[in-house]
Protein chains: 2
Amino acid sequence: MKKPKTQRHVGDDGEGSARESILKAAEAVFAENGFDGASLRQVAARADVPVALVSYHFQGKLGLYREVFRARNPSTGAQRSAGLALARMEDDPDRRLEMILKAVLIPMLSLRNVEGNQYGVLLAREANDPKNRERGIIEEIFDPVATATIGLLRTTLAGRSEAQIVWAFQMVIGTMLYLMADSGRSVHLSDGACDPTDVDATIRAILPLFISGIRGG
Amino acid sequence: MKKPKTQRHVGDDGEGSARESILKAAEAVFAENGFDGASLRQVAARADVPVALVSYHFQGKLGLYREVFRARNPSTGAQRSAGLALARMEDDPDRRLEMILKAVLIPMLSLRNVEGNQYGVLLAREANDPKNRERGIIEEIFDPVATATIGLLRTTLAGRSEAQIVWAFQMVIGTMLYLMADSGRSVHLSDGACDPTDVDATIRAILPLFISGIRGG
DNA sequence: TTATTTATTGATCAAGTGATCAATTTTATA
DNA sequence: TATAAAATTGATCACTTGATCAATAAATAA
């Protein structure tokens, strides 16, 4: 008696195609263990797929890693760009600054709330890895939005030096990444009062810090 | 003819004892590759000792990793505590806030300038690793200073909620870690205008952002 | 000195790694 | 249908990993 060798993922709307299953599993495994800590066998097991299929679809570990970002980024990037476009049309400089910050922050901080989505954690991990320059993923993904954001910030901060503007931007991004990294430290230090999972409350708390900081500095 | 089997590191002031050589090498290798990306053989090669000696002195990879932090932290931790003690004696709330922030930030941001010192990069890496809770290193190292800092912040921010104070603290720490992580992004985005290696300039740039943010928010 | 503890060394182990292959099955195309 | 292309599978490759061992050398204590 033969084992039933049906292709498990084709037409199976519940879990999607094998390719999709692998991508989804890879995102979680990479987020939890980092690039080096993750193994293709972990990914394959989670996707319920033989190991060889992973390399077949993504040409190796690094290819899979890159593809996780390429698959997730368009959505987030589009949200941020759309928000920046709205901000660009706002005439009042103060309101424009607020809209810029919201456009940049909200799509990222919201990532954790999407069911089973670990892309935010993965992104924060990659951004804080000194080796990210070798991979070029961060540049590919963040540079367009970053330069657009800095350019837009410039219009609300007339008279500031380029360095001042970038420092302000880095403060925003650094804080954002730290909250995305899910170190659990905010909850720990505040005895539960600060919960980065609550995006609305987080924005309400940190936006005033940023705005006063940037305006006052 | 036998090979001369002298113990290479004993009494050798140039490179210190074998234990010290291993620790120094481990700091660099872990900083460059992360915990999972680093191998004991890389560490041993860099320290110019046989692999077995590493496990002998530090009881395995995790033990070595922990010891790197335990060895470096006392110095940095003492600097920060001393700065906080000075801040505590300052009566003027505004000046006290500035002293608190400097006490917390300067010892950390200065780490990169110490010759061949990669402890800052390593620390930032660990702090952004979601798995750091399993290891408990961050709590062991940061919690004392963190609670002291938050307690002191409270005295300069009368009327603020506990959450507000911790959010402000997290903004400072998140930005600090991002600048420590050596992603090279500040230099990249500012075309060289922002250089986290220049501690004085960095402090001059970001301290006003923090102070205005915290006071205004 | 001798005895004892501590360091150092090279070798080896089982387990896991990413990658690759030929064989098979499924899907798409003609 | 028949044929080609794409997808899936299990097996195997050479290699690296962390850990451990007994043997040796060195430092210390008696």
Side-chain angles (χ1 to χ4, degrees), chain A residues 1-27 29-30 32-68 71 131 134-135, chain B residues 1-27 29-30 32-68 71 131 134-135:
Chain A
M1 48 187 265
K2 275 187 185 175
K3 276 185 292 180
K5 288 191 177 181
T6 55
Q7 290 181 225
R8 284 177 287 219
H9 296 278
V10 176
D12 189 331
D13 284 338
E15 36 184 325
S17 71
R19 216 188 115 95
E20 293 298 317
S21 302
I22 295 171
L23 268 181
K24 197 174 165 187
E27 178 181 303
V29 173
F30 280 132
E32 287 167 12
N33 308 99
F35 180 76
D36 290 304
S39 81
L40 294 185
R41 281 168 176 82
Q42 284 177 280
V43 174
R46 192 148 178 163
D48 192 30
V49 136
V51 222
L53 199 54
V54 179
S55 288
Y56 170 78
H57 278 294
F58 300 97
Q59 293 84 40
K61 191 178 184 180
L62 186 57
L64 173 63
Y65 191 68
R66 309 190 97 95
E67 199 55 31
V68 172
K131 278 195 164 180
E134 297 175 14
R135 294 189 274 266
Chain B
M1 47 186 267
K2 275 188 184 175
K3 275 185 291 182
K5 289 190 178 182
T6 54
Q7 290 181 229
R8 283 177 285 219
H9 294 278
V10 176
D12 188 331
D13 284 338
E15 37 185 324
S17 72
R19 215 189 115 96
E20 294 297 318
S21 302
I22 295 171
L23 268 181
K24 197 174 164 187
E27 178 181 302
V29 173
F30 279 132
E32 287 167 13
N33 308 100
F35 180 77
D36 289 304
S39 80
L40 294 185
R41 282 168 175 81
Q42 283 177 281
V43 173
R46 192 148 177 163
D48 193 31
V49 300
V51 223
L53 199 53
V54 179
S55 287
Y56 170 76
H57 278 295
F58 300 96
Q59 292 85 39
K61 191 179 184 180
L62 186 56
L64 172 62
Y65 192 68
R66 310 189 96 95
E67 199 55 31
V68 172
K131 277 195 165 179
E134 297 176 15
R135 295 190 274 265

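Numbered from 1 within each chain, the chains take letters A, B, ... in sequence-line order.
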Which whole-number value in Å describes the distance from [X] [atom1] to [N] [atom2]?
| X | N | atom1 | atom2 | result |
| --- | --- | --- | --- | --- |
| L62(A) | dT17(C) | CG | C1' | 16 Å |
| D36(B) | dG16(C) | CG | C1' | 13 Å |
| F58(A) | dA19(C) | CZ | C1' | 16 Å |
| Y65(B) | dA19(D) | OH | P | 15 Å |
| K61(B) | dT16(D) | NZ | P | 15 Å |
| L40(A) | dT12(D) | CG | P | 20 Å |
| L53(A) | dA23(C) | CG | C1' | 15 Å |
| Y56(B) | dT5(C) | OH | C1' | 9 Å |

For this session: Would you indicate what S55(A) reaches in the nucleic acid, counting non-hydrogen atoms under 4.0 angstrom: base, sugar-phosphate, or nothing?
Result: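 Contact class for S55(A): base.
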For this session: Could you check whether A38(B) gets within reach of a base, just the sugar-phosphate, or nothing at all, counting any heavy atom under 4.0 Å?
Result: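 Sugar-phosphate contact only.
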Exercise. Taking only residues two or more places apart in sequence, or in another chain, which ones meet R41(B) in a side chain to side chain donor-acceptor pair (under 3.5 Å)?
Worked result: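 Result, side chain to side chain donor-acceptor pair (under 3.5 Å) vs R41(B): none returned.
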Exercise. Do the side chain of K131(A) and the main chain of G34(B) share a donor and acceptor less than 3.5 angstrom apart?
Worked result: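 Not confirmed, K131(A) side chain does not pair with G34(B) backbone.
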Problem set entry | Main-chain N/O of S17(A) paired to E20(A) side chain as donor or acceptor, under 3.5 Å |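 Looks like no, no N/O pair under 3.5 Å.
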Problem set entry | Proximity to the side chain of H57(B) - top-ranked nucleotide from dT8(C), dG18(C), dA7(D) |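 Closest nucleotide to the H57(B) side chain: dT8(C).
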For this session: Look at S39(A) and dG16(C) and indicate whether a side-chain polar atom (N or O) is within less than 4.0 Å of OP1 or OP2.
Result: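 For dG16(C), neither OP1 nor OP2 has a side-chain N or O of S39(A) closer than 4.0 Å.
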Problem set entry | hbond_proxy R41(A) side chain to dG18(C) base (donor-acceptor, 3.5 Å cutoff) |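 Such a pair exists between side chain and base.
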Exercise. Hey, what's the ring geometry for F30(B) with F35(B), parallel, tilted or perpendicular (30° and 60° as the breaks)?
Worked result: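 The arrangement is parallel - the two ring planes meet at less than 30°.
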For this session: Look up atom CD in E67(A) and atom CD in Q59(A), then write down how far apart they are to the nearest 0.5 Å.
Result: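 Output value for this atom pair is 9.0 Å.
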Problem set entry | 5' priority, DNA chain C, between Q42(A) and A52(A) [closest heavy atom] |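 Mapping each residue to its closest nucleotide by heavy atoms, the 5'-most match is Q42(A).
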